[in-house]
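By convention in this document, chain letters (A, B, ...) are assigned in the order of the sequence lines, proteins followed by strands, and residues within each chain are numbered from 1.
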Protein chains: 2
Amino acid sequence: METELNDKQLQIMQKALEVFAEKGFDSASVRDIAQRADVNVAMISYYFGSKEKLLEAIFLNNTNSMKGKIENIIHSRAHGPMEKVDLLIDTYVNVIIENRTFHSLMMREQVLLKDGPLYTYVRDMKRRNRSLIEVAVKAGQKAGIFQKNIDVSMLAITLFGSVNHFFSNYKFLCEDFKIKPTDGDFDIKAIEKLKGHIKIMFKAFLTYGISNKK
Amino acid sequence: METELNDKQLQIMQKALEVFAEKGFDSASVRDIAQRADVNVAMISYYFGSKEKLLEAIFLNNTNSMKGKIENIIHSRAHGPMEKVDLLIDTYVNVIIENRTFHSLMMREQVLLKDGPLYTYVRDMKRRNRSLIEVAVKAGQKAGIFQKNIDVSMLAITLFGSVNHFFSNYKFLCEDFKIKPTDGDFDIKAIEKLKGHIKIMFKAFLTYGISNKK
DNA sequence: TTGAACTAAACAAACGTTTAATTAATTTTT
DNA sequence: AAAAATTAATTAAACGTTTGTTTAGTTCAA
């Protein structure tokens with residue numbers, strides 16, 4: 001399962017990811033992918049077995065890649081609990097920006113996931129992300145600077161939901177903010193707005209009812 | 001454009017919505033839809049012109065329906081600004097539950113929307129929802145019980161993002177909460193958790209830095 | 001010489017849509 | 001009110017594409 005990927009395979013996967021994200025998995029034809037990757041159509045079946053398994057390979061590859069990046073947070077010699085939460089927010093947003101094409105694809109296809117490899121990859125990634133929040137929250141509570149009444153699952157929904165919604169609705173947001181949506185890239189100011197808002201909101205919530213005596 | 005819809009058309013639209021939400025627009029075949037709606041395949045082209053226009057009819061119908069329900073908030077003789085925010089949260093969640101099938105479809109297809117009728121329907125609905133938050137926030141600020149430093153666009157992202165994420169990830173959440181995902185229906189306790197969490201979070205954020213002297 | 005990499009062509013299946021014919025309902029004319 | 005004419009609703013079949021995949025053969029490197 002964990003076989004090495006040669007250059008041609010990676011090339012196909014990269015172009016396929018683009019086409020999948022652009023048109024959706026079902027509308028993306030293997031001929032289109034093959035053409036953009038500059039290979040023969042038969043190479044997709046030859047290397048991956050099927051279009052479906054090509055998607056699986058892409059999911060496995062990208063969820064693993066994101067896993068590595070997110071888990072760097074753990075090894076950061078971190079400061080206080082609040083700073084850890086801020087770091088988590090920054091990192092999550094940055095990772096999504098780095099993997100924006102895959103993230104867009106995943107957002108679209110996750111709704112239809114039944115049991116199967118894709119479901120497992122996505123579920124495990126979500127679990128890992130959630131548990132990072134849990135660790136940070138419990139640390140803050142232990143230190144006495146976070147309130148006790150915190151539902152971590154719901155907090156995770158707020159964080160990931162807000163960030164995902166921001167990127168999913170970026171096209172609509174550009175109209176609100178009067179930003180020209182430069183193809184593929186996000187407006188830095190908008191990103192900072194997002195990060196700042198979530199940080200303040202989380203701080204307000206996490207410290208709700210905690211007196212500020214130093 | 002605003003022609004009346006006869007029973008057969010409504011029947012097709014309803015079944016089509018189910019199939020679209022279940023398989024995604026592209027994977028849903030007109031033959032499948034026709035079979036479930038118990039009509040001949042040709043009736044879809046006959047009544048709607050094309051599969052694409054059938055989708056448009058569904059979007060127009062449902063966004064209008066949701067518009068009506070959400071705007072009931074305005075006409076509620078409401079209490080204080082904070083109660084209005086709570087009402088907004090409750091209503092939005094309830095409307096999504098009522099229209100869960102369409103909401104699921106919209107979540108999936110909105111990413112691919114270019115210009116066109118669908119984009120307009122969705123964009124206008126989002127704008128209306130956002131402006132409801134804006135009104136409530138400004139009222140609270142005027143009354144002096146909400147803090148001044150509030151980015152309404154970002155607050156809207158947090159609200160709608162959290163709620164949408166909750167429903168999009170309901171399948172995953174059930175595993176976390178050890179709920180059996182009853183087909184189509186949502187767990188009442190989980191819904192109350194969601195509403196409660198967002199309300200507390202919003203209260204903490206909106207009143208952040210406001211002293212509680214009565 | 002053996003096996004992997006690669007290709008053009010063919011494959012059957014499924015797709016959305018159209019056609020041509022028929023039945024049902026409605027309107028117009030007698 | 002009955003008959004005729006017209007329009008709407010409905011059907012099975014066919015249309016031309018496009019789909020993902022396979023096949024049979026060729027090129028290339030070891």
Side-chain angles (χ1 to χ4, degrees), chain A residues 1-61 105 108-109 112-114 116-118, chain B residues 1-61 105 108-109 112-114 116-118:
Chain A
M1 173 61 80
E2 207 66 29
T3 55
E4 314 253 324
L5 297 164
N6 62 40
D7 288 355
K8 214 122 212 175
Q9 283 174 303
L10 288 171
Q11 185 184 346
I12 294 172
M13 286 168 68
Q14 188 208 307
K15 292 296 179 183
L17 171 56
E18 290 175 20
V19 183
F20 286 156
E22 189 180 307
K23 306 191 173 183
F25 176 74
D26 291 304
S27 297
S29 77
V30 288
R31 284 174 175 80
D32 190 359
I33 294 167
Q35 197 175 337
R36 292 211 218 176
D38 199 33
V39 299
N40 188 282
V41 219
M43 297 308 291
I44 289 173
S45 297
Y46 178 74
Y47 275 128
F48 298 96
S50 68
K51 185 187 173 189
E52 186 88 31
K53 285 191 184 150
L54 168 57
L55 181 69
E56 287 175 20
I58 291 172
F59 262 68
L60 179 60
N61 199 47
L105 173 64
R108 189 184 143 81
E109 303 300 337
L112 303 186
L113 297 185
K114 311 279 173 195
L118 295 194
Chain B
M1 174 59 81
E2 205 67 28
T3 55
E4 313 254 321
L5 297 163
N6 63 40
D7 288 356
K8 214 121 210 175
Q9 284 173 302
L10 288 171
Q11 185 184 345
I12 294 172
M13 285 167 69
Q14 188 208 308
K15 293 294 180 183
L17 171 55
E18 289 175 21
V19 184
F20 285 155
E22 189 180 306
K23 306 190 173 183
F25 175 74
D26 290 305
S27 298
S29 77
V30 289
R31 284 174 176 81
D32 190 358
I33 293 167
Q35 197 175 336
R36 292 210 218 177
D38 199 33
V39 299
N40 188 281
V41 220
M43 297 308 290
I44 288 173
S45 296
Y46 178 74
Y47 274 129
F48 299 96
S50 69
K51 185 186 173 188
E52 186 88 31
K53 284 190 185 152
L54 168 58
L55 181 69
E56 287 175 20
I58 291 172
F59 263 68
L60 179 59
N61 199 48
L105 172 64
R108 188 183 145 81
E109 303 300 337
L112 302 187
L113 298 184
K114 310 281 173 194
L118 295 193

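Of the residues in residues 47-58 of chain A, those with a non-hydrogen atom less than 4.0 angstrom from any atom of DNA chain C are A/Y47. For DNA chain D, the residues of residues 21-42 of chain B within the heavy-atom distance limit of 4.0 Å (strictly under) are B/R31, B/N40, B/A42, sorted by number.
Applying the side-chain hydrogen bond (donor to acceptor under 3.5 Å, both in side chains) test to B/Q35 and every residue at least two apart in sequence or in another chain returns nothing. Considering only residues two or more places apart in sequence or on other chains, B/S27 meets the side-chain hydrogen bond (donor to acceptor under 3.5 Å, both in side chains) condition with A/D26. Residues that satisfy the side-chain hydrogen bond (donor to acceptor under 3.5 Å, both in side chains) test with B/R36, not counting sequence neighbours, are B/E22, B/D32. Every residue two or more places apart in sequence or in another chain that forms a side chain to side chain contact (heavy atoms under 4.5 Å, CB included) with A/V41 is listed here: A/V30, A/R31, A/A34. B/F48 pairs by the ring pair (Phe, Tyr, Trp, His ring centres under 6.0 Å) definition with nothing, not counting sequence neighbours. Taking A/Q11 as the reference, nothing meets the side-chain hydrogen bond (donor to acceptor under 3.5 Å, both in side chains) condition, with sequence neighbours excluded. Not counting sequence neighbours, B/E18 has no partner by the salt bridge (Lys or Arg N to Asp or Glu O under 4.0 Å) test.
Side chains of A/M13 and A/N61 form a contact here, defined as non-hydrogen atoms less than 4.5 Å apart.
Pairs of residues two or more places apart, or lying in two chains, never qualify as side chain to side chain donor-acceptor pair (under 3.5 Å) while including a residue from residues 37-59 of chain A.
Rounded to whole Å, atom C1' of C/dA5 lies 15 Å from atom CD1 of A/I44.
Protein chain A contacts DNA chain D over a range whose 5' and 3' limits, counting nucleotides with an atom under 4.0 angstrom from a non-hydrogen atom, are D/dT19 to D/dT22.
A sub-4.0 Å separation between OP1 or OP2 of C/dC6 and a side-chain N or O of A/Y46 is absent.
Dense packing is recorded around CG of B/N6, with more than 12 heavy atoms of other residues, nucleotides or ligands lying under 6.0 Å away.
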